[in-house]
Amino acid sequence: MSPNADPSSDEVQDGLWQQAVQVAVLLGIDPGRLGGVRLRASAGPVRDAWLNLLRSLRSPSRWVRMPLSITDERLLGGLDLSATLATGRPVLQHGLLVEADGGTLILAMAERLPTSTAARLTQVMDEGAVVLERDGLAERRATRFAVVALDEGLSEEESLSPALRDRLAFELDLRAISPRRISEADLQQMVAGSIDDIVAARARLAEIDLPDAVVRVLCGTALALGIDSMRASLMALSVARASAALDGNELATDDDARIAAALVLAPRATRMPQAPEPKEPEEAQAQQEQEDTPPPDRDHDQQDHDAAPPNPGENKPMEDRVLDATKAAIPAGLLSQLLAGSLQQRATSGKSGASIKGGQRGRPAGSRRAQPVHGSRLHLIDTLRAAAPWQKIRKATLCPDAQQRVQVRSDDFHIARIKQKTATTTLFVVDASGSSALHRLAEAKGAVELLLADCYVRRDQVALIAFRGKVAELLLPPTRSLVRAKRSLSGLPGGGGTPLATAIDTAASIAEGLRRRGQSPLIVLLTDGRANVARDGTGGRERAQAEATQAARQFSGLQIPLLFIDTSPKPQQEAAQLAGAMRARYIPLPHAGAAAVSMAVRAATQNGAR
């Protein structure tokens, strides 16, 4: 199946569904080593059909669904509060990961899984056990399960946690498959014929041997595709072993290696394999002489057999055959990025505002042991959980006429921790001087306009400062109005000197005011870095550049995140030096248009300005 084929064609849809069925079968054979699958599909009959297929192939193992907002106690286990209060001694309650032992864990809306929850899940997957040490309890419980991460993200920015994605062998995208291509009768027949094969393959899995050639080919293919993680190669080897067990072979073959590379390595590719180096003249001449040498005489039957047209693929070494199969299996969207050389690691989406500890509004973030004073809220459940293990001792030391059913001491008090995000204000500082207007002012305007739309989606405030001539002017105070921001940007004139020091001072002053009002400022400075107007409005490039460097060093002490975008046609040394003095992220964009500027700033913003 060619990655450039029409995704709506019946042939492509059938190929995608056959691949999905193959993944379900292999996952049923060796779920522990393969980890699971990232399933990209919206809720509907196609996704339900594949999940039902996997559940039938893994029957009678457990099928456990994990909600998005699960707590640590429900995930890992903890104190059973009601049983502990009733018995007067700590009673352990097992978590969801222990309940999923030997089965399948379904992650709903996996692209929105909190980082902390993903970290705890991946730790259990690595250790193969839940280690619980809390509330006076200590236990280690072994657990192995397969993970099906339901990724319903509409864009690449809404993506699965990289740590969890690295531990899942397979990636499936069923969004292009029409429900008409799925037959219930075919699924039932498929399940009936596959369960016995899976059971037999699982029984012989430990006896499958991996030849050195297969190991070398799969590791080399991962290296050629730019895959840094060793887990990918190990999971590809496990897939090759499972495929050999399914075919009833004792050794993994090159066909098993091709299957493993196509299913595991192709979706993880970060670059296209390099073309082989040209042969040396002596080596090419020797090969030509060998081809010109007539073959020795053989009997008539053998000559008839040789007369058949040869298969070009059979003469290729295993490395080339596996690499060709992997390149053919690279998804179309990923292939276009690799060919363009624009593949970048994407960060998780979300607001870029700073977190405030001890806030009064926001999301709950656990609790801590403290007295409920100064308006803080008592965390009742954790308070009772801290008091529960001591009830038997406390009741024995009380007077016989004491009527309290639960004894709570001051040391048991826990208050709720609130995670509050501050509002983010993106402050655009645009160089509208003559040199910038001559080269890149149009591109800078276009980039800012694209970034304004991103800020509007995140509900961030935006402000605009333009500097030219002798002054730096606040054209747009902080606002959420996209129309007002675009109107101020479209009326931005160009021409005049470059008062860069004044612009830095003005941006620092406004950012400090925003931070005093409880907001998180982010400055995006678009300039070529060549100052020629001093603070007092007089000309002189040397003095203006020195004052700009001084202002940049003073700005670095404010600890305000800043992105320095060099908008000159070629990267300038002055701009790089200023960015270093400001401790800013320097982004040189020679010959880049508005879309390239916007993409670079968006990626830098999502990854953090520092």
Side-chain angles (χ1 to χ4, degrees), residues 62-110 112-145 147-150 161 163-164 167 355 357-359 362-372 376-392 394 405-420:
R62 299 175 182 176
W63 192 264
V64 181
R65 290 185 175 270
M66 190 184 91
L68 179 64
S69 57
I70 190 170
T71 62
D72 290 346
E73 290 79 11
R74 183 67 186 104
L75 181 68
L76 303 175
L79 198 67
D80 189 336
L81 189 57
S82 59
T84 299
L85 292 176
T87 60
R89 58 181 179 82
V91 178
L92 175 65
Q93 182 181 26
H94 294 300
L96 196 68
L97 298 185
V98 174
E99 297 176 4
D101 184 25
T104 305
L105 184 69
I106 309 297
L107 306 184
M109 293 186 290
R112 301 184 182 181
L113 191 68
T115 305
S116 58
T117 305
R120 291 171 176 81
L121 176 59
T122 53
Q123 182 180 6
V124 172
M125 295 175 67
D126 291 341
E127 297 185 2
V130 173
V131 180
L132 185 64
E133 294 180 354
R134 58 184 303 172
D135 300 328
L137 302 170
E139 185 183 73
R140 180 184 178 90
R141 188 71 176 267
T143 178
R144 289 284 185 183
F145 48 82
V147 175
V148 177
L150 303 180
S161 165
L164 179 58
R167 289 161 174 80
S355 298
K357 295 182 179 179
R363 295 182 178 180
S367 65
R368 62 184 179 91
R369 192 185 299 271
Q371 297 292 327
S376 57
R377 288 181 277 179
L378 178 68
H379 199 294
L380 181 59
I381 300 299
D382 284 357
T383 300
L384 293 177
R385 183 177 287 110
W390 308 99
Q391 292 307 298
K392 191 172 183 178
R394 292 175 182 177
R405 298 189 60 182
V406 179
Q407 298 296 320
V408 179
R409 307 287 174 84
S410 59
D411 293 340
D412 301 327
F413 286 134
H414 282 66
I415 62 174
R417 298 172 57 189
I418 304 299
K419 185 177 180 181
Q420 181 178 349

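- Among all heavy-atom pairs drawn from R65 and L150, the shortest one is NH1-CD1, 4.4 Å.
- Within the 4.5 Å cutoff, no side-chain heavy atoms of V147 are placed close to those of R167.
- Atoms CG and CD1, from L107 and I70 in turn, are 9.5 Å apart once rounded to the nearest 0.5 Å.
- Here the closest heavy-atom approach between residue M125 and residue R144 is recorded as O-NH1, 3.6 Å.
- For the pair L105/L121, a side-chain contact is recorded, criterion being any heavy-atom separation below 4.5 Å from C-beta on.
- The two residues A100 and T143 make their nearest non-hydrogen contact at C-OG1, 4.4 Å.
- With T383 contributing its side chain and H414 its backbone, the two residues share a donor-acceptor pair below 3.5 Å.
- Residues V64 and I106 are not in side-chain contact: their nearest non-hydrogen atoms beyond the backbone lie 4.5 Å or more apart.
- Looking at every heavy atom in both residues, L96 comes nearest to P67 through CD2-CD, 4.5 Å.
- Residues L113 and M66 are in side-chain contact: their nearest non-hydrogen atoms beyond the backbone lie under 4.5 Å apart.
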Worked check of salt bridge (charged side-chain N to carboxylate O under 4.0 Å, His left out) between R74 and E99: CA-CA 10 Å; R74 183 67 186 104; E99 297 176 4; 3.3 Å; yes
Audit row: Q93, E73, side chain to side chain contact (heavy atoms under 4.5 Å, CB included) steps and yes/no: CA-CA 9 Å; Q93 182 181 26; E73 290 79 11; over 6 Å; no
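- A side-chain contact (heavy atoms from CB on, under 4.5 Å) with R120 holds for exactly one of T115, L97, L76; it is L76.
- Between R140 and V131, the shortest heavy-atom contact is NH1-CG2, 3.2 Å.
- The shortest heavy-atom contact between L132 and G77 is CD1-O, 3.5 Å.
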